[in-house]
Amino acid sequence: MKNIRLIMLGVLCILFVIHVGGCKDDDGGDSAVGYNLTTQKDVNNFLESGNISYLIISGEDITDLSALKFTSIGTLIIRNTNVLDLSLPNLTSVQEELRIEGNSKLVKISDLSKLKEINGELVINNNVLLTDISGLLDIQGGAGTISVINNKALGEDKPLVGEDYSYGLFPLRYLYEKGKFDGTFRIADNHPNAATDIEDIGKLEDGISSYTIASRKDALEFAPTNTTVRNLTISGSEITDEVLKLLTGKVKKIIGTLTIEGTVITNTEGFFDVVSVEGGIIFRNNTPGNGYDAIFSNGLRFYEKINGDLIIDNTPIKFWGKGSSFAQIKEIAGDFRILNNPYQGTRGDELDGMPLLKKVGGDLEVSGCPNIVNMQTFMMALQEIGGKLIYKNNPKVVSLSGFESLKSIGNGIEISRNGNTDGEIPTYGSTGRPGWCMVKAWIEDEIVKNTSDVILTYSDGELVDLSMIEACDGFNPSKDDGIPKDYEINGAREMQLFLEGPKGKAVNLTIKGEDITQEMMNQVQYRIESVSGVVTWDNLSIESTRHFFNVIDCQGGIIIKNCPKLVDPSGFQEAPDKYRIIHGDFIIENCPNFACGGFQGWSSFNCITKVEGDLRLIGIVTSNVNSETFKNLTEVEGDFELRDIQWFWELNFKDPTRPLPLEKIGGDLIIQDCRAFWQLDGLAGLNSVGGDVVILNTSVPTYSTDWQLGLCYLKYLKDLGTVFKPDVKMTLGSSDNLIDVDSLSPCGLN
């Protein structure tokens, strides 16, 4: 199941052509076509010049878009390229969306010289080197929403010089002040000293400064020149609830980030409900004083949006339910991180924590929280993560509940090292406890926009392979579509996860791994009811075929190889009606102890009358093969091969004396390296062999005796002209002393 590791999920490539032809509009006309360009060659060869419905440009090979000729577009997404300077000199209008995100080398958005109108949504997100968006000055009109977020180098605030709006975030101020764009401007989590409100661009230096309060004395002496401050850091063990409240008469608004770090506060009331925090909020390394186990968070109960990061790092803080605490927050514009928090989860505080949260603009991370079990009801409304989903090192997390409503993840996933003694995230799980199948659906449905950055591991760091997992609806993960599938299970871990899936049917079923136990194999009957193709066991340490072949309807071929401890064939013996005809190959190879002969009450495979493929017994060195092994076998459509079998003397029956009932072999007849095999009497019923004959390194004599049918019998059959093909090749005798069949005198059955 882990043949394709999650780190290389790039194999789930985005389709090159999303939509290959025109669709009819309601008025009967042809709508425009959408495309996906993934290389610079695609871009250079893209000659469309009219209106386009949508276009996705994504790929590290892409460095220049200036040659694109189209003029009008519905949706244009430029993501994960290596473009340095974004230039679209022919673009005149955008009707629905222009999204520029995750371009790690993008420094400048320059030439949009013909862009007259943009409507809908313009998003510039997570371009880490971007410093220049002066191309937006070319926009002549439009309406909707402009979001400029998570661009860490963009917009360090400076005063406007004259009418030069080209610097930093000034192009947005230009569009706003000049009335070029009618709508909403969202600005968050750009340069640490960037404005987060359209009206503050270029004005942060006008008496608005950043401050650090590190002691009671600092708080008493604090005298800002403006009751609005940019960033405020409050830190140190002298910061109590009382000291925190000393600041409320001096600060009314924080437009940047508020950081509360290393304090002993116990209550957010009296501060957050008095001071307006319009940017991000960071709690880090706080230890509540006065014997409190967590910080009372109701001061935040009126906040519906965080216009920056919300980070709770190594700080015990209470999450209450609807109407209190963080429960009213619907959007976090920046990152949302809950880190290193042993308190979260100890009292069910993760439940109902943020039931209205629909959107996180940056990363969502829950990491290093030893008592969080799940995010169920915490984030059940969450639909969009603009950055990356990170869910790791949470030892009690054994499902992905809480993320079922996600519709968009902008920049990859890391779900790793969760669970341990309480279990693992399941393959499928159940309603309210979905597993990896939900992640598979996120990838297949393109909910994850950047599939090149996906890391999925179990608690021990072993990579999860999604290749054998079916995608599922997170709200109903156990649903089975009823379509038989191929399964390949490699090792105990994959077997455990495989057994958690819904019961169904298989086409081909391959089970490998010496760490797979007999108990696990006995449970497969509750997962698979039938196999229409080939069952393969390989390198297993189990001892018995019971509880598998006698209960699962194996309708095709059977291959059992490299199983050194396998002894018991009763899985076949107890279901004789299932195995009268083998519809494929029947191969037992390198299973030295497998009881293939009739002894100890086992009748092995004597229910088989016909094999429609090859029949091979190879490497049975400590058990035996005898007349009981294929007691009722009449026909093999492929090769009949017995090789390297130590305790194998004959295929005929002595009481009463009669040969094996085998009449027809469609392929080769091979009996090789079976040193004890001493006569051909058991093959006396053969009347047709379609391939060649090998009787090599055995004890069969050249000529028959009173009690042994020798190799000369093959000369007899060849001379008949009805048993073998005219050009049959026979390899007889021993490797160092081959016998030419034509040199022999024929001998029949006397």
Side-chain angles (χ1 to χ4, degrees), residues 35 37-52 54-144 146-149 151 153-155 160-178 180-181 185 190 201:
Y35 302 91
L37 309 181
T38 61
T39 67
Q40 186 63 48
K41 182 178 179 181
D42 293 344
V43 173
N44 296 340
N45 292 338
F46 190 69
L47 303 178
E48 295 294 326
S49 59
N51 179 46
I52 299 173
Y54 55 89
L55 172 62
I56 298 176
I57 302 173
S58 177
E60 295 180 358
D61 179 59
I62 299 172
T63 58
D64 183 11
L65 304 181
S66 60
L68 293 170
K69 301 182 184 303
F70 62 88
T71 57
S72 178
I73 195 164
T75 295
L76 173 60
I77 297 175
I78 302 168
R79 176 189 294 134
N80 300 327
T81 72
N82 277 332
V83 172
L84 300 178
D85 183 352
L86 180 58
S87 174
L88 296 167
N90 295 307
L91 183 63
T92 62
S93 68
V94 178
Q95 293 92 43
E96 296 177 7
E97 180 180 11
L98 171 57
R99 181 175 291 268
I100 303 166
E101 65 181 6
N103 301 283
S104 61
K105 295 185 178 181
L106 182 63
V107 175
K108 184 176 183 180
I109 300 173
S110 61
D111 187 0
L112 300 174
S113 56
K114 294 183 180 179
L115 187 56
K116 296 180 180 179
E117 183 179 34
I118 182 167
N119 291 300
E121 188 169 14
L122 167 61
V123 179
I124 302 173
N125 174 35
N126 194 30
N127 304 286
V128 294
L129 299 181
L130 181 63
T131 59
D132 186 337
I133 57 173
S134 58
L136 301 188
L137 295 171
D138 295 323
I139 297 173
Q140 298 301 305
I146 295 179
S147 300
V148 180
I149 55 177
N151 305 288
L154 178 63
L160 180 65
V161 178
E163 289 292 309
D164 183 7
Y165 287 88
S166 62
Y167 170 78
L169 296 174
F170 282 118
L172 303 181
R173 178 172 163 180
Y174 173 83
L175 297 175
Y176 174 71
E177 291 184 347
K178 304 300 182 182
K180 300 288 187 179
F181 189 86
F185 290 84
N190 297 301
I201 297 174

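Listed here is the closest heavy atom pair of Thr75 and Glu96: OG1-OE1, 3.3 Å. For the pair Gly102 and Asn127, the tightest heavy-atom approach, listed with the atom from each and the gap, is N-OD1, 3.4 Å. The two residues Ser104 and Asn82 make their nearest non-hydrogen contact at OG-OD1, 3.8 Å. Contact between Ile100 and Leu106 at its shortest, heavy atoms only, is CG2-CD2, 3.8 Å. Across all their heavy atoms, Leu86 and Leu65 have their closest contact at CD1-CD1, 3.4 Å.
Applying the side-chain contact (heavy atoms from CB on, under 4.5 Å) rule to Ala143 yields the partners Asn119, Asp182; only residues at least two apart in sequence or on another chain are considered. Partners of Ser166 according to the side-chain contact (heavy atoms from CB on, under 4.5 Å) rule, which considers only residues two or more places apart in sequence or in another chain, are Ser134, Leu137, Asp164. Qualifying salt bridge (charged side-chain N to carboxylate O under 4.0 Å, His left out) partners for Arg173, counting only residues two or more places apart in sequence or in other chains: Glu177. Annotation: salt bridge (charged side-chain N to carboxylate O under 4.0 Å, His left out) contacts of Glu97 (sequence neighbours excluded): Arg99. Contacts of Phe170 classified as ring pair (Phe, Tyr, Trp, His ring centres under 6.0 Å), with partners at least two apart in sequence or in another chain: none. Partners of Val128 according to the side-chain contact (heavy atoms from CB on, under 4.5 Å) rule, which considers only residues two or more places apart in sequence or in another chain, are Asn126.
Inspection of the Asn103 and Thr81 side chains reveals an N or O donor paired with an N or O acceptor under 3.5 Å. Looking only at atom types and distance, the side chain of Ser87 has no donor-acceptor partner in the side chain of Ser110 under 3.5 Å away.
Asp138 has its side chain out of reach of Lys114: every pair of non-hydrogen atoms, C-beta onward, lies at least 4.5 Å apart. The side-chain heavy atoms of Val107 and Thr131, taken from C-beta on, include a pair separated by under 4.5 Å. The shortest side-chain heavy-atom distance between Val94 and Leu122 does not fall under the 4.5 Å cut-off. The side-chain heavy atoms of Phe181 and Ile118, taken from C-beta on, include a pair separated by under 4.5 Å. At least one side-chain heavy atom of Leu88 sits under 4.5 Å from a side-chain heavy atom of Ile78. The side-chain heavy atoms of Leu76 and Ile57, taken from C-beta on, include a pair separated by under 4.5 Å. A 4.5 Å side-chain heavy-atom check between Gln140 and Lys180 finds at least one atom pair inside the cut-off.
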